[in-house]
Amino acid sequence: MIKKLLIVGGTGFIGRKLAQYSLRFNFNTYILSKNKVKGKDKLSDINYIKCDCTNVKQLTQKISKIKFDYVINSSGYINHNPYSSKIGKKTFEEHFEVVKNLVSILNRGNLKKFLQIGSSDEYGNSPSPQSENYRENPISPYSFGKVASTHFLQMLNRTEQFKSTTVRIFLAYGPGQNFKRFFPQIIIGCLKDQKFPTSEGNQKRDFCYIDDVVEAVFKILISKKTTGKVLNIGSGKGIKIKDLIKKTVKLIGKGKPQFGKIPYRKGENMSLVADLSNLKKLIKWKPKFSIDHGIARTIKFYEKESRSS
């Protein structure tokens with residue numbers, strides 16, 4: 001019997017890649033998105049539902065009668081504005097409200113797993129490598145919204161046996177990421193041989209190639225061993241931002257990064273690297289793409305995009 005999969009936020013970088021990958025499993029895949037998808041952005045063999053998930057009435061009308069077997073929530077935007085700002089407050093509310101609304105409206109009859117896409121930002125300034133056993137330490141409305149969602153789902157798992165799992169993705173990157181994101185901006189700046197400002201670049205980050213991320217998500221989704229768990233997804237290896245930029249400049253052969261022109265973000269963790277011990281115990285998965293391989297493939301994509309634009 002063909003299983004139904006709902007991907008909330010399926011038009012974003014990770015969500016779209018998840019939708020593409022889902023077709024390998026012969027899922028009947030639905031994408032729930034705030035915006036209407038048109039033309040070349042529309043994937044074939046995918047069912048699209050336009051809906052604002054913060055609107056309970058609208059969400060009920062759209063999905064309450066569909067019996068999904070699996071749900072992946074990859075909705076929401078990364079935003080590091082403080083809670084005191086209007087945008088910061090809205091960021092928290094949107095992340096948490098969407099999870100709360102989905103849980104209250106979903107038909108649980110066939111539901112085998114609700115998988116929440118969390119973030120390494122939930123660890124705040126905890127020392128690396130960050131383990132799921134650490135107490136969370138959010139330092140922004142975005143990370144607080146993610147933590148609140150994680151605890152809400154864990155509570156439901158304990159009290160109502162709601163089949164949920166949270167994955168904390170470190171820095172996913174690769175072809176297809178929005179041009180405004182950090183790594184695409186670096187690549188484009190190099191391709192144009194521009195001067196571009198950066199921080200000193202001493203932050204260590206765990207970059208995980210998108211194909212590895214998506215494969216891990218699906219292995220976790222279909223595994224019964226992962227229900228009720230919080231699990232990191234990353235490469236398990238850290239690289240300094242300045243070293244990543246230097247590798248990119250070297251591979252492209254041009255670009256003029258101006259290190260130190262941008263200050264570090266207030267409260268920024270200088271080392272975010274995934275501890276993958278728990279993940280490796282539960283499922284047979286390890287990243288296939290080295291940072292050098294991933295960078296090269298990503299550069300190739302943006303080179304092609306820049307030529308066609």
Side-chain angles (χ1 to χ4, degrees), residues 1-10 14-15 18 22 25-32 49 51 53-54 56 59-76 92-119 122-123 131-136 138 143-169 214-233 275-285:
M1 190 176 187
I2 296 176
K3 303 223 172 4
K4 289 187 176 73
L5 166 68
L6 174 66
I7 301 175
V8 186
I14 294 175
L18 289 168
S22 72
F25 291 84
N26 200 31
F27 279 121
N28 184 3
T29 301
Y30 293 71
I31 282 179
L32 188 60
I49 302 172
C51 179
C53 294
T54 61
V56 176
L59 189 62
T60 302
Q61 291 172 342
K62 297 284 186 177
I63 70 166
S64 63
K65 293 180 181 178
I66 307 173
K67 292 183 179 180
F68 294 106
D69 296 274
Y70 296 97
V71 175
I72 301 175
N73 179 32
S74 63
S75 65
F92 166 75
E93 289 172 348
E94 284 191 350
H95 277 87
F96 184 63
E97 283 297 314
V98 168
V99 174
K100 188 162 64 74
N101 290 347
L102 285 167
V103 167
S104 66
I105 291 164
L106 280 168
N107 187 315
R108 301 188 191 182
N110 292 349
L111 193 64
K112 296 170 180 63
K113 183 77 65 68
F114 181 103
L115 192 143
Q116 166 73 2
I117 302 289
S119 168
E122 294 179 53
Y123 293 114
S131 164
E132 302 93 338
N133 301 323
Y134 286 178
R135 180 175 176 176
E136 298 88 346
S143 55
F144 181 40
K146 289 292 189 183
V147 170
S149 300
T150 297
H151 280 267
F152 177 60
L153 292 168
Q154 285 183 305
M155 179 271 291
L156 290 175
N157 177 258
R158 288 191 295 268
T159 59
E160 299 180 15
Q161 290 73 54
F162 183 70
K163 296 171 183 176
S164 63
T165 300
T166 295
V167 294
R168 289 183 179 146
I169 297 174
V214 168
E215 183 185 50
V217 166
F218 273 92
K219 280 184 174 287
I220 292 167
L221 183 72
I222 62 178
S223 170
K224 292 181 180 178
K225 293 179 182 178
T226 61
T227 303
K229 306 291 185 184
V230 177
L231 294 166
N232 290 335
I233 296 178
D275 180 339
L276 300 178
S277 304
N278 290 331
L279 183 63
K280 288 177 179 177
K281 285 177 189 174
L282 291 170
I283 63 168
K284 291 181 179 179
W285 174 87

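For the single chain, residues carry numbers from 1 onward in sequence order. It should be emphasised that the depicted structure is a prediction, and the values quoted were computed from it without experimental measurement.
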Please give me the minimum heavy-atom distance between [X] and [Y], naming the atom from each residue.
X: I7; Y: L18; result: CD1-C, 3.8 Å
X: E132; Y: V230; result: CG-O, 3.1 Å
X: N232; Y: Y123; result: OD1-OH, 2.7 Å
X: N110; Y: K67; result: ND2-CB, 3.5 Å
X: S64; Y: T60; result: OG-O, 2.6 Å
X: S74; Y: G10; result: OG-N, 4.4 Å

Taking the side chain as everything from C-beta on, heavy atoms only, tell me whether [X] gets closer than 4.5 Å to [Y].
X: V99; Y: H95; result: no
X: I283; Y: K225; result: no
X: C53; Y: N101; result: no
X: L5; Y: D69; result: no
X: L102; Y: I63; result: yes
X: V103; Y: F152; result: yes
X: I220; Y: L279; result: yes
X: N133; Y: D275; result: no

Value rounded to 0.5 Å, distance of [atom1] in [X] from [atom2] in [Y]:
X: F162; Y: L106; atom1: CZ; atom2: CG; value: 6.5 Å
X: N278; Y: K281; atom1: CG; atom2: NZ; value: 5.5 Å
X: L115; Y: I72; atom1: CG; atom2: CD1; value: 6.0 Å
X: F96; Y: T54; atom1: CZ; atom2: OG1; value: 14.0 Å
X: L156; Y: H151; atom1: CG; atom2: NE2; value: 13.0 Å
X: F218; Y: Y70; atom1: CZ; atom2: OH; value: 10.5 Å

For the side chain of [X] and the backbone of [Y], is there at least one donor-acceptor N/O pair under 3.5 Å apart?
X: S22; Y: F27; value: no
X: K3; Y: F25; value: no
X: N28; Y: I2; value: no
X: K146; Y: E122; value: no

* **Evaluation steps, side-chain contact (heavy atoms from CB on, under 4.5 Å), between I66 and K4** => CA-CA 9 Å; I66 307 173; K4 289 187 176 73; 3.8 Å; yes
* F92 and F144 aromatic ring geometry - parallel, tilted or perpendicular at 30°/60° bounds ->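 If you compare the ring of F144 with that of F92, the planes turn out parallel.
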* So which pairs with a foot in residues 153-166 pass side chain to side chain donor-acceptor pair (under 3.5 Å), sequence neighbours left out? ->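 For residues 153-166: R108-E160.
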* Report the C-alpha separation of T150 and E136 in whole Å, then their side-chain angles, then the decisive distance to 0.1 Å, and conclude whether the side-chain hydrogen bond (donor to acceptor under 3.5 Å, both in side chains) test is met. => CA-CA 10 Å; T150 297; E136 298 88 346; 5.6 Å; no
* Is the number of heavy atoms from other residues, nucleotides or ligands under 6.0 Å of K112 NZ greater than 12? ->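 Yes, enclosed.
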